[in-house]
Amino acid sequence: MTSSYKKTPSIQVNGMIVAGWNAIRTLITQKSTGRNIIAIDCYSGIHHSELKHQFSQLEHTLFVDTKDLFIPQADAEALTKRFMTGDVLFGYMSNISLTEYFDPRKVNTIRETVRGTDGRIIIFGPGAQLVTEAGMLLYADMPRWEIIQRMRRGEAEGLGTNNSKEPFSFQYKRGLFNDWRVLDKHKRSICQKVDYWLDTVIPGQPKLIDKETFYAGMDKAATTPFRVVPFFDPAPWGGQWMKEVCDLDPSKPNYGWCFDCVPEENSLLLEVDQTVFEMPSVNLVYTRSRQLLGEPVESRFGKEFPIRFDFLDTVKGGNLSLQVHPTTQYVQDNFGLHYTQDESYYMMEAGQDAHVYLGLKTGINKDDMIRDLEKAEEGGFIFDADQYVNKLPVRKHDHYLIPAGTIHCSGINSVVLEISATPNLFTFKLWDWERLGLDGKPRPINVQRGKEVIDWQRDTSYIADNLVNRFEIVARGDGWTEEKTGLHRTQFIETRRHTFTKPVTHYTNESVNVLNLVDGAEILVESTENAFEPMVIHYAETFIIPASVKIYTIRPYGQSEGKECMTIKASVRV
């Protein structure tokens with residue numbers, strides 16, 4: 001089978017783009033005449049030395065690196081200590097502002113120097129715009145997924161601290177709980193002031209777009225169907241299905257994850273004059289939240305994208321860890337989050353022996369179960385999951401609802417489309433089948449945290465009555481059927497499944513819609529009013545419909561014309 005899955009979807013935009021360091025420096029020189037202060041603000045994860053070297057080649061009288069204006073590393077670590085906590089994985093969401101990283105005496109000194117200096121002054125680094133008002137502002141952005149890869153390779157430094165040699169989990173923890181929050185807050189505050197945006201994802205191949213092109217891309221994405229760039233990752237339990245379906249490297253041992261809608265981490269590609277510009281897709285949320293999310297959703301979540309789609313592939317692989325997600329109150333008290341990771345498993349594929357673990361068996365003794373989990377965590381004891389947890393056979397297109405507090409685990413030989421609320425890294429692993437992580441070390445187990453959030457009323461009868469295949473036909477038309485499939489009444493996400501052989505009309509209903517083609521080769525997404533260009537979607541691709549679209553149609557297309565197709569759609573209940 002030849003895969004049609006598109007791994008680098010882009011948005012066509014008319015505008016200006018410049019590629020290569022020489023061309024970028026030439027443009028800056030031309031456009032900065034009479035604007036003697038140039039600020040080049042940065043996100044974390046950029047290759048600092050490369051950018052500093054290139055920008056220092058601009059003719060200048062004074063070059064300032066904001067790192068030289070920061071407080072000492074020991075002070076930065078003391079500043080963030082309460083948010084990093086002593087936990088291996090979990091911290092507390094920081095409320096620090098970027099200004100707190102600057103030494104006031106150093107900043108005042110450099111401001112005096114700037115006032116007394118003629119000619120071109122270049123201020124480079126995180127928070128450059130905070131040092132002094134600039135005549136030209138550039139922003140060197142970086143998608144989070146690329147930052148993660150650079151962390152793994154020891155190429156990324158933390159904010160105000162050189163932690164590139166620390167284990168990846170520590171670097172990621174600092175990024176998630178502190179650095180990215182601090183830098184996102186700063187980026188949101190200066191977005192409207194940025195004159196030029198810089199893409200340095202590919203080392204040595206920078207690209208630059210101007211403000212007008214950037215906002216043309218944001219406006220188009222906020223009013224048309226679009227896709228973000230999916231990314232794939234191996235896992236200790238990873239499988240083989242995505243290699244064929246998503247056209248991935250067959251020589252790799254496995255792929256366990258595909259994140260196809262996590263705007264905090266995915267990239268958004270703008271194609272300008274046949275050149276692709278890469279940026280964090282969360283920029284769209286920051287700049288066009290109301291059009292994208294819908295006013296009721298924005299009023300609840302602010303500038304956060306609340307829905308996540310990803311694949312879990314265990315075909316010819318293994319079970320995921322037995323796990324539980326914390327309750328809303330727990331994440332508020334312990335991590336500083338507003339909401340938790342409620343989720344569901346929609347079965348994209350299921351072999352004959354596929355199964356899920358879901359909920360507790362009726363009548364178990366919870367003290368015995370916790371005792372056995374703690375013994376297993378200490379080592380030398382095998383936890384008998386089948387004794388305590390329901391093990392359910394699964395079929396393709398089943399849908400299992402997993403509200404927070406419910407013990408669960410996707411089993412072998414299946415592919416799950418995980419539909420969930422956005423917060424990540426908030427999974428408490430209870431048992432990992434005596435398995436090592438990809439780094440050859442045991443993965444952290446969290447029985448002590450997990451036992452505080454397990455809902456012991458989610459037993460066999462509750463699961464059967466409330467969480468398994470809660471399908472309900474809500475509408476029918478010529479050639480189509482719409483079913484309500486969840487989620488649980490405690491969750492804010494609503495899911496609908498459409499089965500169709502003819503065009504079916506959808507309404508966004510004041511909420512962003514996230515969909516996946518779960519059956520069928522191709523579909524066409526169209527505007528009823530010619531408000532956007534038709535978009536072709538292939539099997540297993542996730543796509544986003546902004547709330548501003550309001551009404552759209554989907555029909556079988558190409559290889560699927562006249563055949564039955566199926567989509568699953570998630571939105572926020574409003």
Ignoring hydrogens and angles, tell me if any N or O in the side chain of Lys185 forms a donor-acceptor pair with the backbone of Asn95 under 3.5 Å.
yes
Test your reading of the model: is there a side-chain donor-acceptor pair from Thr422 to the backbone of Phe305, 3.5 Å cut-off?
yes
Can a donor-acceptor pair be found between the side chains of [X] and [Y] at a distance below 3.5 Å?
X	Y	answer
Thr327	Gln329	no
His186	Gln129	no
Ser164	Glu157	no
Gln54	Glu50	no
Arg25	Asn22	yes
Arg120	Thr61	no

Before you tell me yes or no, could you show the steps for Glu146 and Arg153 under salt bridge (Lys or Arg N to Asp or Glu O under 4.0 Å), namely the whole-Å CA-CA distance, both residues' side-chain angles and the distance that decides it to 0.1 Å?
CA-CA 11 Å; Glu146 176 60 23; Arg153 297 193 297 264; 3.5 Å; yes
Write out all pairs satisfying ring-ring contact (aromatic ring centres under 6.0 Å, His included) with one or both partners inside residues 205-225, taking only residues at least two apart or from two chains.
Trp197-Phe214
Check whether the ring centres of [X] and [Y] lie less than 6.0 Å apart, and answer yes or no.
X	Y	answer
Phe231	Tyr255	no
Phe83	Phe177	no
Trp257	Phe259	yes
Phe55	His60	no
Phe102	Phe70	yes
Trp180	Tyr172	yes
Tyr196	Tyr139	no

Distance under 6.0 Å and angle within 45° of ring axis: Arg227 vs Tyr5
yes
With a cut-off of 3.5 Å and sequence neighbours excluded, list every side-chain donor-acceptor pair involving residues 199-208.
from	atom 1	to	atom 2	distance (Å)
Asp199	OD1	Val201	N	2.9
Asp199	OD2	Glu278	N	3.0
Lys207	NZ	Val276	O	3.0

State whether [X] and [Y] are salt-bridged, where the test is any N-O pair (Lys NZ or Arg NE/NH1/NH2 against Asp/Glu carboxylate O) under 4.0 Å.
X	Y	result
Arg152	Asp439	no
Asp68	Lys106	no
Arg449	Asp87	yes
Lys7	Asp247	yes

Is the shortest heavy-atom distance from the side chain of Ile11 to the side chain of Leu268 under 4.5 Å?
yes
Side-chain heavy atoms of Phe277 within contact of Glu271, under 4.5 Å:
no
Would you tabulate the side-chain donor-acceptor contacts of residues 440-447 under 3.5 Å, counting partners in other chains and residues two or more places apart, or write 'none'?
from	atom 1	to	atom 2	distance (Å)
Arg443	NE	Asp432	OD2	2.9
Arg443	NH2	Asp432	OD1	3.0
Arg443	NH2	Asp432	OD2	3.3

My understanding is that only residues two or more places apart in sequence, or in another chain, count here; which of them pass salt bridge (charged side-chain N to carboxylate O under 4.0 Å, His left out) with Asp75?
none
Applying salt bridge (charged side-chain N to carboxylate O under 4.0 Å, His left out), can you list everything that pairs with Asp273, at least two apart in sequence or on another chain?
none
Can you tell me how far the CG atom of Asp65 sits from the CD1 atom of Ile122, to the nearest 0.5 Å?
12.0 Å
Could you grab the distance from atom CG of Asn283 to atom OG of Ser267, nearest 0.5 Å is fine?
10.0 Å
Which is it for Asp260 and Asp310 under the side-chain contact (heavy atoms from CB on, under 4.5 Å) test, yes or no, and what are the steps along the way?
CA-CA 6 Å; Asp260 207 352; Asp310 61 80; over 6 Å; no
Do the ring planes of His48 and Phe124 sit parallel (below 30°), tilted (30 to 60°) or perpendicular (above 60°)?
tilted
Can you run down the salt bridge (Lys or Arg N to Asp or Glu O under 4.0 Å) pairs that involve residues 280-290, sequence neighbours left out, and say none if there aren't any?
Asp219-Arg288, Arg290-Glu295, Arg290-Glu298
